[in-house]
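Predicted model only: the values in this text are computed from it and were never measured. Ligands are counted one by one from 1 in listed order, and the atoms in each one are counted from 1 as well.
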Amino acid sequence: MPRHLAIYPGSFDPITVGHQDIVRRSLAFVDRLIIAVAHVRTQRKDALFTIPERVELIRQHYADEPRVMAMEFEGLLVDFARQQDARLIIRGLRAVSDFEYEFQMALMNHELWPEVETVFLPPAKEYSYLSASLVRQVSMLGGNVSGFVSPDIFDALSAKLAGRPA
Ligand code: ADP
C-alpha cells in the first residue's frame, strides 16, 4: 500500500519533456508522485531558476493532475522519503554514464533505509540525449529549445532569459 506513493527527485532546472515523460509513465504504476526538487548545498554555478521557481513551474504544469505534487527538500533523500512515507524512488537512466552514480545512490539509499526501493526507467528513445543542463546551455546561447520543454516552461525560460518575471 505505501508503495503507491513515489518520489521522483532531481534538480529540474527546468523540468523538460524527458522528465515529463518519466512522470507520465510512472503514473501507470504509482498512485501518487511527488516531484522533489533537491536543494544542493553547492548551488551549481549554471543554475537558472531558483528552487521555489522550479517547484512553482512544476505545480502549475501539473495543476490539473491531482496525482502529481511538487515539493522541495533539503538533506538526505531517504529522510525526506521517510517523512512522506514514500517507499519508492523513481529515477531515469539515460545512458551508461548515468549508471555508476545511480547504482551507488540506489544501494546507499537502500542501506540507509532498507524499506526504500529505487525504480529506474529508461528514457523514451527520442529523449535519451536530453538533459536540463543542455537545455539551459542551449537556451542561454540563444538556441531554440522549444522541442525540449513544454510551451509553459518555454515561456518561463524565455522570460527568465529576458530578465522578466516568470
Ligand atoms: P538533468 O539536469 O540531468 O536533466 P535532473 O537532476 O533534473 O537531471 O534529473 C532528475 C532525474 O530525471 C534523473 O533520474 C535523470 O536521470 C532523469 N532524467 C532527466 N532527463 C531525462 C530524460 N530525457 N529521459 C529520462 N530521464 C531523464
(message) So if I count the atoms of ligand 1 from 1 in the order they appear, which ones are less than 4.0 Å from some heavy atom of Tyr8?
(response) 11 (C), 12 (O), 17 (C), 18 (N)

(message) Heavy atoms only: which of Ser11, Ala36, Gly92, Ser128 lies closest to atom 5 (P) of ligand 1?
(response) Ser11

(request) Taking the side chain as every heavy atom from C-beta outward, state whether Pro14 and Glu53 have any atom pair closer than 4.5 Å. (result) no

(request) Give the numbers and elements of all ligand 1 atoms closer than 4.0 Å to a heavy atom of Ser131. (result) 3 (O), 4 (O)

(request) Could you verify whether a donor N or O on one side chain and an acceptor N or O on the other, from Asp13 and Ser11, lie under 3.5 Å apart? (result) no

(request) Can you sort out which atoms of ligand 1 are near Leu130, meaning under 4.0 Å from one of its heavy atoms? (result) 20 (N), 21 (C), 22 (C), 23 (N)

(request) List the atom of Leu93, the atom of Asp98, and the distance in Å for their closest heavy-atom pair. (result) CD2-CB, 3.7 Å

(message) Contact between ligand 1 and Phe120 is defined here as a heavy atom of the residue under 4.0 Å from a ligand atom; is it met?
(response) no

(request) Ignoring hydrogens, just give me the one of Arg94, Arg91, Lys125 whose non-hydrogen atom is nearest atom 15 (C) of ligand 1. (result) Arg94

(request) List every atom of ligand 1 that sits less than 4.0 Å from any heavy atom of Ile22, numbering the atoms from 1 in the order shown and giving each element. (result) 25 (C), 26 (N)

(request) Answer yes or no: is there an ion pair linking Arg82 with Glu115, defined by an N-O contact shorter than 4.0 Å? (result) no

(message) I want to know whether His39 and Phe73 have ring centres closer than 6.0 Å.
(response) no

(request) May I ask you to decide whether Arg67 forms a salt bridge with Asp31, counting only side-chain N to carboxylate O separations under 4.0 Å? (result) no

(message) I'd like the name of whichever of Pro9, Ala124, Pro123 reaches closest to atom 24 (N) of ligand 1 through any heavy atom.
(response) Pro123

